[in-house]
*Asks:* 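I'd like to ask some things about the structure below.
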Amino acid sequence: MEDDYKSFLQSLDDSQLISHISSLSQSQVKTQKDKEIIGSDAFDDSFNEYLTRHIPGVVGDEKNPKEDDEAQGVLDDTVEQNPGENAPEPINELLDELNEEFSDDQGSNDDEIGPMHGFGDYEIYFDNKHKKQQQGDKNYIEWDKTRRILQGEDEYREPIFKGCVIFVNGHTIPSMNEIHRLVIIHGGKFLSYLGAKRNATHIICDRLTPRKQQIYKNCKVVKAKWIADSVEKGYLLDWKEYRLFKEIAYDQGRLSDFHNEFALKQFNMEEDDDIEMQEDSLEEEELSQEEKEAVQERAIDAKHPDFLNQFFSKSRLHHLSMWKSDLKLQFINKVKKSKHEVSKRVTRVAHIDFDCFFATASCQKTSYDINEVPLAVSHGQTTSDVASCNYVARKSGVKNGTWVRSARRLCPDLIVIPYEFDLYEKYANCLYNYLISLNVDIYPVSIDEALIDLSDYEGDLSQWCEMVRGEIFRLTKCPVSIGIGANILLAKLSLRRAKPNGYHILETGVDDFLSTVSVSDLPGVGYSLMDKVIAETGKSSPTITDLLRVPKERLMKVLGPKTGQKLYDYSRGIDPTNLDHTAERKSVSVDINYGIRFDTHAQVEDFLSRLAVEVSKRLKNLNVVGSQVTLKLAKRDPDSPVNPPKYLGMGKCIFFNKSAKLGLPTSQPGIISSELKSLARILTIPAQELRGIAVAIGKLEDADEVKKNRQMTLNQRITKGTRTLKKIDESDFKEPLDDEIDWQVFESLPWDIKREIKAELSRRGIIQKSASSSPGPKKNGKAYLQQLLPTATTQEPKYVRIVESPKKVSPKKLSPQKRSRTGSPTKVEEDLSYDSSILNELPSSVKNEVIEDMAIRKKYKPQTLKEKFKESVKQTKVANQPITKQWIDEQPKINEVPKFQNGDIGEMIVGWMEMSLDQDGPHNDDVEMFFEYLKCLKFDKIKRVEILISKEIKYYKSIEAMLGPKHCTALKEWDGVVDRIRKLNIF
DNA sequence: CCCAATTGGTAG
DNA sequence: CATCGCTACCAATTGGG
Ligand SMILES: Nc1ccn([C@H]2C[C@H](O)[C@@H](COP(=O)(O)OP(=O)(O)OP(=O)(O)O)O2)c(=O)n1
Ligand SMILES: [Mg+2]
Ligand SMILES: [Mg+2]
């Protein structure tokens, strides 16, 4: 539990953390004032207990759920009252009574969410429900919401089951009633009785019978735990993980005899509701249009909380990257153990690599003959990437990384087979374990590929190759090829010659060998460099021989100094790179350029939080902290269609990067998330236009080192140049934000909460770690705005993390109207992998898709000098545009209200208002400071703040009946604030 | 000239 | 249904002093 709370704290933004503390403080103040301390745990329980004792006719024992039929069937038509309207008032009284009754009850205060039990309220409700189930559900949701507000719980429930239509069959745990409740309060629809099961998106069922299997064989039949787990997690889990039927697709064998027997018994015991089900198909009720859309919109894009997991589990490139970094780690450790030898130049390198690795491995799960049929590993059938294709397919010109559709064009018989990530891992282990057993220096290149230092090997190289190839094939039934050369470059080129299923030892005749090599085969030469070399040599597929004719100066000028030098060396067989695995990692990043489809900025921020959590996880695994945060956003190219050819793909995009320096290196999700959100604000890309988001943490340091150093020389570090602290001196730092936290209130919190919060604050550098006790009492119990405002808008500056130097913010740059890279190309000239004449004959729709894909891969750059010029003109035009009201409105609005660097002013205001309601309105100091802040804002922002506050007031007035007289006074004060803002706006 | 920030490119 | 377009790192460019 404590750990839970700790990680909960860590997941918060700075602003969220502060307001969390405030909310704790607030409730604490309140309860103390009333001489009551009621933990939410005890509260929940007693509340339900109270209800079950006081409301006649209720047997609210959730541990012995009533028979499903009883609960569903007894519909009391005579009770027509609407609990949604009538419940609040009596409940309010109940709450007050309760507070007295249980005033001694010292509950622990650290469980904000409360257990998922005690549903007496639900049962009461359903005993009185209407015959119209759906109306009843709606009322219950309202009633539940009201209850939550009254109980001070978070009124909002994640609409986990939005778009789901749930039907429960037979007895389940949790009970059908409970499932019903959970589903509807989380935005789902429940088909309760005799309903249109055909409309159900999921059938919940815990017990398998042969009949059910038959009837539901085409349905998503899911165990009840799916519901419970999803609610607990707060988002919809993958139903497949909870399917009742065994994976028929993969395991086609019959159920075992034992299983059948067991199932048969079950079947006989079960009440026969299945027949009923077939009969009532006439009685189907239609889903509303809205619900149908919701059901349709089941696509999992980045809005879905489980998106990252699902995406990563299926992304080959993610796997490749993770495997690679794991391997690097593994072999760094190896070197530390034997850190003797001083890096001597290697003289012989072996490069070993599985032939068409994924294809070979995946093929083993099929009955295809890898040597006869053209195969490709891929998820889809058209715009899906070919991860790996076998050599039969390569004969037709298919390459790794092309789209299946393009591959099919070259090789119409191509057969697509699925990924088998586990198998790849297994075989890679075989490879690496075997190499380890050889007791040689291993330098992992990728999952299927490694370099080996053979400088000191004195035996016969051919024999060595045959031995290694033989052993690995014996272990995996996958062929590897080996290339040997005097350096990394030559080993790589040699390997290329060796493939498939062979080896090549390059010792003599290097120049002859090189002369035949194509420039595009050189490592580090991709489409972009290739284009330049083509332009320079005048050949369409230049070889090393062609490259040799270009003088070094020319290469360096055209390609840049380093790249030019590299190609110059490479063309002569020179590669100065030494084998070295001691290289420390310099950055950690998470890139998502798939499935990014957002409607609102709130969704974007949500996703950023999740990315922050992910990147934080990775930092912690590596035990490093970083002080630079970089956000990279991909914006749909204006010329590109809203929906790119690849489903949920990114299409052609323009990238925008922004990085921020942190005051202290960190690995904490909350801090990172804060920073990301503020970077996102600076980049101002409309949520709808986003197609990719990447987060990188740089300036890495060892976490333990930093911890040690910070304790020792906290003060020295401040003046260090690498830390960017704004206008700060030591005294500012020594007691940072101290007076922004109300220590009196803080002290009254339960000790364990205090401990966790304190730890979290000090981790963030907001308070000093050694601060063992809080300073003396300050001010009064009122909530202070200072503790919510990230930094003072007036007076002395406080500790602030720098995002960018303020003067750098030129109004023009705020909205990146950067160049679009291309016009709309209609004709394809020439391309390495596409014959332009064929391409030009394609239907234009397909052609454009192919062009789009090529543009993404940078194979194809339609940009000419002329267009470049046009763009720069366009750019200037944009920059010179007068700033009109309309222009402002057109600018992407990342937020409804402006934000400070470290938090959302909107959230802050809402929080402030909420808090102030319990305290006769806002504190005067706060109001003054607030206006100081407002004065700094632009007109439209102020307007938005005004609207926000008005809306909030309206909301509170709408529930005025439930508020006390005190609250009304507070609201009046807020009315005054709004008036004042209006006056501000006049000037 | 330096530097940092940003953009581009590559491999598997 | 589609589909799962990641990620570390180097180099070049840009734009400031
Ligand atoms: N664009 C790419 C390139 C590679 N891979 C994956 C699939 C490959 O099987 C694996 C190894 O990459 P290789 O470059 O070694 O390619 P193959 O092993 O498929 O072919 P070969 O090594 O025979 O050229 O990485 C991928 O998913 N996408
Ligand atoms: Mg390979
Ligand atoms: Mg490889």
Side-chain angles (χ1 to χ4, degrees), chain A residues 296 298-302 307-325 327-328 353-354 357-358 378-385 387-388 400-401 403-405 419 421 444-449 492 522-532 559-566 577 583-596 615 618 628 630-632 634 643-661 691-692 694-696 698-700 721-722 724 804-805 807-808 813 816 818-819 821 853 856-858 861:
Chain A
Q296 282 219 323
R298 297 244 41 82
I300 293 208
D301 57 24
F307 170 78
L308 270 190
N309 270 331
Q310 304 216 6
F311 172 66
F312 280 154
S313 72
K314 292 171 184 156
S315 161
R316 76 189 200 280
L317 292 175
H318 171 76
H319 279 103
L320 282 177
S321 290
M322 296 324 257
W323 286 327
K324 179 171 180 169
S325 63
L327 285 166
K328 283 217 155 150
D353 184 305
F354 277 113
F357 183 47
F358 285 15
S378 180
H379 283 302
Q381 295 296 324
T382 51
T383 62
S384 179
D385 280 21
S388 177
N400 289 354
W403 280 356
V404 171
R405 187 171 53 202
Y419 289 90
F421 291 116
V445 175
S446 112
I447 176 122
D448 84 321
E449 175 174 0
K492 164 137 201 95
L522 293 176
V525 177
Y527 292 102
S528 173
L529 255 185
M530 196 56 196
D531 278 353
K532 292 177 184 168
L559 311 176
K562 299 249 192 168
T563 315
Q565 175 76 51
K566 191 174 76 177
T577 333
E584 297 244 322
R585 180 197 278 260
K586 296 191 171 69
S587 66
V588 174
S589 66
V590 179
D591 299 35
I592 307 293
N593 294 305
Y594 179 85
I596 300 295
V615 79
R618 295 187 193 180
Q628 187 179 49
T630 306
L631 178 68
K632 179 156 82 178
N643 286 316
K646 189 198 274 292
Y647 174 70
L648 289 181
M650 70 192 304
K652 188 146 71 88
C653 284
I654 307 169
F655 287 89
F656 299 98
N657 302 342
K658 191 99 190 103
S659 63
K661 281 266 175 43
R691 290 295 178 269
V695 169
K699 308 264 179 249
L700 299 185
T722 53
T724 323
E804 63 178 342
S805 70
K807 58 187 166 185
K808 230 182 122 184
K813 257 212 123 178
K818 297 221 182 161
R819 73 228 140 185
R821 298 188 121 265
D853 179 48
I856 291 160
R857 296 157 192 268
K858 325 269 161 84
K861 287 205 179 183

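The chains referred to below are lettered A, B, ... by the order of the sequence lines, with proteins before strands, and numbering in each begins at 1. Everything numeric here is computed off the predicted structure, so don't read it as measured data.
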*Asks:* Would you indicate which nucleotide in B:dT7, C:dC10, C:dC4 comes nearest to any side-chain atom of A:Ser378?
*Replies:* C:dC4

*Asks:* Give a yes or no on whether the backbone of A:Tyr647 and the side-chain of A:Tyr594 come within a donor-acceptor separation of less than 3.5 Å.
*Replies:* yes

*Asks:* Looking at the side chain of A:His318, which of C:dT7, C:dC4, B:dA4 is the nearest nucleotide?
*Replies:* C:dT7

*Asks:* Checking contacts here: which listed nucleotide (B:dG12, C:dA8, C:dC6) is nearest the side-chain heavy atoms of A:Val588?
*Replies:* C:dA8

*Asks:* Below 4.0 angstrom from OP1 or OP2 of C:dA8, is there any side-chain N or O of A:Lys328?
*Replies:* no

*Asks:* Indicate the ring-plane relationship of A:Tyr419 and A:Phe421, choosing parallel, tilted or perpendicular according to the 30° and 60° boundaries.
*Replies:* parallel

*Asks:* Looking at the side chain of A:Ser528, which of C:dC4, B:dG9, B:dT6 is the nearest nucleotide?
*Replies:* B:dG9

*Asks:* Is there a side-chain polar atom (N or O) of A:Thr630 under 4.0 Å from OP1 or OP2 of B:dT6?
*Replies:* no

*Asks:* What's A:Lys562 touching, base or sugar-phosphate or nothing? Going by heavy atoms closer than 4.0 Å.
*Replies:* sugar-phosphate

*Asks:* Can you see which heavy atom on A:Ser446 is nearest to which on A:Leu327, and at what distance?
*Replies:* O-CD1, 3.7 Å

*Asks:* Rounded to whole angstrom, note down the C1' distance from C:dT3 over to B:dA11.
*Replies:* 23 Å

*Asks:* Where the side chain of A:Leu317 is defined as all heavy atoms beyond and including C-beta, which of C:dT7, B:dG12, C:dA12 is the nearest nucleotide?
*Replies:* B:dG12

*Asks:* What nucleotide among C:dC9, B:dG12, C:dG5 has an atom nearest to a side-chain atom of A:Ser587?
*Replies:* C:dC9

*Asks:* Please tell me if A:Ser659 has a side-chain N or O lying less than 4.0 Å from either OP1 or OP2 of B:dT6.
*Replies:* yes

*Asks:* Less than 4.0 angstrom between a side-chain N/O of A:Lys586 and OP1 or OP2 of C:dC10, yes or no?
*Replies:* yes

*Asks:* So, under a plain 3.5 Å distance rule, would you say the side chain of A:Ser315 forms a donor-acceptor pair with the base of C:dC4?
*Replies:* no

*Asks:* Looking at C:dA2 and A:Tyr647: do their rings stack (centroid distance under 5.5 Å, interplanar angle under 30°)?
*Replies:* yes

*Asks:* A:Ser384 side chain N/O closer than 4.0 Å to the phosphate oxygens (OP1, OP2) of C:dC4?
*Replies:* yes

*Asks:* When we call it a touch if two heavy atoms are under 4.0 Å apart, what does A:Thr382 touch: a base, just sugar-phosphate, or nothing?
*Replies:* sugar-phosphate

*Asks:* Where is the tightest heavy-atom contact between A:His319 and A:Ser315, given as atom of each residue plus distance?
*Replies:* ND1-O, 2.9 Å

*Asks:* Of all heavy-atom pairs between A:Ala302 and A:Ile596, which one has the smallest distance, and what is that distance?
*Replies:* CB-CD1, 3.8 Å

*Asks:* Among C:dC6, B:dT10, B:dG12, which nucleotide has an atom closest to any side-chain atom of A:Leu320?
*Replies:* B:dG12

*Asks:* In terms of side-chain heavy atoms of A:His379, which of B:dA5, C:dC9, C:dC4 is nearest?
*Replies:* C:dC4

*Asks:* Does the side chain of A:Lys532 get closer than 4.0 angstrom to OP1 or OP2 of C:dA11 through an N or O atom?
*Replies:* no

*Asks:* What nucleotide among B:dA4, C:dT7, C:dC9 has an atom nearest to a side-chain atom of A:Arg618?
*Replies:* C:dT7

*Asks:* State which of C:dA2, C:dC10, C:dC4 makes the closest approach to the side chain of A:Lys314.
*Replies:* C:dC4

*Asks:* Is the distance from OP1 or OP2 of C:dT3 to the nearest side-chain N or O of A:Thr383 less than 4.0 Å?
*Replies:* yes

*Asks:* Indicate yes or no for a side-chain donor-acceptor contact from A:Lys532 to the backbone of A:Leu559 under 3.5 Å, with no hydrogens or angles considered.
*Replies:* no

*Asks:* Students often get this wrong, so: under 4.0 angstrom with heavy atoms, is A:Asp448 touching a base, only sugar-phosphate, or nothing?
*Replies:* sugar-phosphate

*Asks:* Give a yes/no answer on whether the side chain of A:Arg316 brings an N or O atom under 4.0 Å of OP1 or OP2 in C:dG5.
*Replies:* yes

